[in-house]
S.K.: 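Starting off with a structure, shown below.
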Amino acid sequence: MVLLFYLTAAVIWDFTTFRIPNYFIFFGLILGASLLPFRGYGIQEILLGCLCPVVFLYPLFCMGAFGAGDIKLFAVTGLFLGGLNIYLAAVSFAAGGVLSLFQMLSDRSLIPRLVCFYSYLAGCIHERKFMTYPSYSPQKKKNQIHFTAAVMIGYLMLCAWKECL
């Protein structure tokens, strides 16, 4: 229940400012760490939950396709969920894909964005390295979704699957 309130605050913050401030992340880490004795997770499960999403999502951050605040948010959820955080990341990415699709359909940019993505992939293959993903829109904020909403949806789906963690 604590994580649900924390994620709700993160979603509100993200929708308001398009950022998740470091002090909010720090508060979540302190909160999650203080609840660890009640969770019963071992150190390996906590490290798996906190570090795996960070390690695997870091390349997306380097490409410019993912925000640092979203990655740090997964570190916080890892303290609460342990190894289940891997499932949260997977379900959140699926939810983020659906949210992105709805956004592209609503602003009629699906085809141009697919062309942009194809050009990006072709450039990466040609250069044989990952490059920074180009912004489709000159208004960068219009080009993004609030991934915290996808994390919240993912958490609610995970709760339904695991009968309210």
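Side chains included, hydrogens not; waters and symmetry mates left out as well; all remaining heavy atoms used. Along the sequence shown, residues carry numbers from 1.
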S.K.: Once you round to the nearest 0.5 Å, how far does OH of Tyr120 lie from CZ of Phe117?
M.R.: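 So the gap between those two atoms works out to 8.0 Å.
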S.K.: From Cys62 SG over to Leu57 CG, what is the distance, rounded to the nearest 0.5 angstrom?
M.R.: 11.0 Å
S.K.: Taking all non-hydrogen atoms of both residues, which atom of Leu7 and which atom of Thr77 are closest, and how far apart?
M.R.: CD2-CG2, 4.1 Å
S.K.: How are the rings of Phe18 and His146 set to each other: parallel, tilted or perpendicular (split at 30° and 60°)?
M.R.: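 If you compare the ring of Phe18 with that of His146, the planes turn out tilted.
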S.K.: Would you call the rings of Trp13 and Phe24 parallel, tilted or perpendicular, taking 30° and 60° as the class edges?
M.R.: tilted
S.K.: May I have the step-by-step check of ring pair (Phe, Tyr, Trp, His ring centres under 6.0 Å) for Phe66 and Phe93, ending in yes or no?
M.R.: CA-CA 11 Å; Phe66 207 68; Phe93 268 88; 5.5 Å; yes
S.K.: Identify the heavy atoms of Gly154 and Ser92 that sit nearest to each other, and give their distance.
M.R.: CA-OG, 4.0 Å
S.K.: I'd like to check Asp70 versus Val151 (side-chain heavy atoms, cut-off strictly below 4.5 Å). Are they in contact?
M.R.: no
S.K.: Does any part of the side chain of Met104, heavy atoms only, come nearer than 4.5 Å to the side chain of Ile111, both counted from C-beta?
M.R.: no
S.K.: Side-chain heavy atoms nearer than 4.5 Å, only ILVMFWY residues, links allowed to pass through others: does that put Leu48 and Val76 together?
M.R.: no
S.K.: Ser100 and Ile145: which non-hydrogen atoms are nearest, and at how many Å?
M.R.: OG-CD1, 3.6 Å
S.K.: For residues Ile153 and Ala95, report the shortest heavy-atom separation together with the two atoms involved.
M.R.: CG2-CB, 3.8 Å
S.K.: Counting C-beta onward and ignoring hydrogens, is there a side-chain heavy-atom pair between Pro53 and Ile86 closer than 4.5 Å?
M.R.: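 Yes, their side chains come closer than 4.5 Å.
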S.K.: Does Leu73 share a hydrophobic cluster with Val54, counting links as ILVMFWY side-chain heavy atoms below 4.5 Å and allowing steps through other members?
M.R.: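 As far as the 4.5 Å side-chain criterion goes, Val54 and Leu73 are connected within one cluster.
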S.K.: Do Leu3 and Trp161 share a hydrophobic cluster, counting only Ile, Leu, Val, Met, Phe, Trp and Tyr and linking them when any side-chain heavy atoms are less than 4.5 Å apart?
M.R.: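 Linked within one cluster.
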S.K.: What heavy-atom pair brings Gly78 and Cys50 nearest, and what distance separates the two atoms?
M.R.: C-SG, 3.7 Å
S.K.: Going from CD1 on Ile43 to CD on Glu45, what distance comes out if it is rounded to the nearest 0.5 angstrom?
M.R.: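 If I round to the nearest 0.5 Å, the distance is 11.0 Å.
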S.K.: Mind checking whether Tyr23 and Ile20 sit in one hydrophobic cluster, side chains of I, L, V, M, F, W, Y counted as touching below 4.5 Å?
M.R.: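 Linked, Tyr23 and Ile20 end up in one cluster.
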S.K.: Should Leu81 and Leu158 count as side-chain neighbours, where that means a heavy-atom distance under 4.5 Å?
M.R.: yes
S.K.: Could you grab the distance from atom OH of Tyr155 to atom CG of Leu4, nearest 0.5 Å is fine?
M.R.: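 That separation rounds to 6.0 Å.
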S.K.: Measure across Phe74 and Ala89 and return the closest heavy-atom pair with its distance rounded to 0.1 Å.
M.R.: CE2-CA, 3.6 Å
S.K.: Can you tell me how far the CE atom of Met152 sits from the CG atom of Leu88, to the nearest 0.5 Å?
M.R.: 11.0 Å
S.K.: Check whether any side-chain heavy atom of Asn85 sits under 4.5 Å from a side-chain heavy atom of Phe80, and report yes or no.
M.R.: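 Heavy-atom side-chain distance check fails, nothing below 4.5 Å.
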S.K.: Measuring from Leu29:CG to Lys72:NZ, what's the distance to the nearest 0.5 Å?
M.R.: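 One finds 10.0 Å between CG of Leu29 and NZ of Lys72.
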S.K.: Answer yes if Phe5 and Leu31 sit in the same cluster of Ile, Leu, Val, Met, Phe, Trp and Tyr residues linked by side chain heavy atoms under 4.5 Å apart, and no otherwise.
M.R.: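 As far as the 4.5 Å side-chain criterion goes, Leu31 and Phe5 are connected within one cluster.
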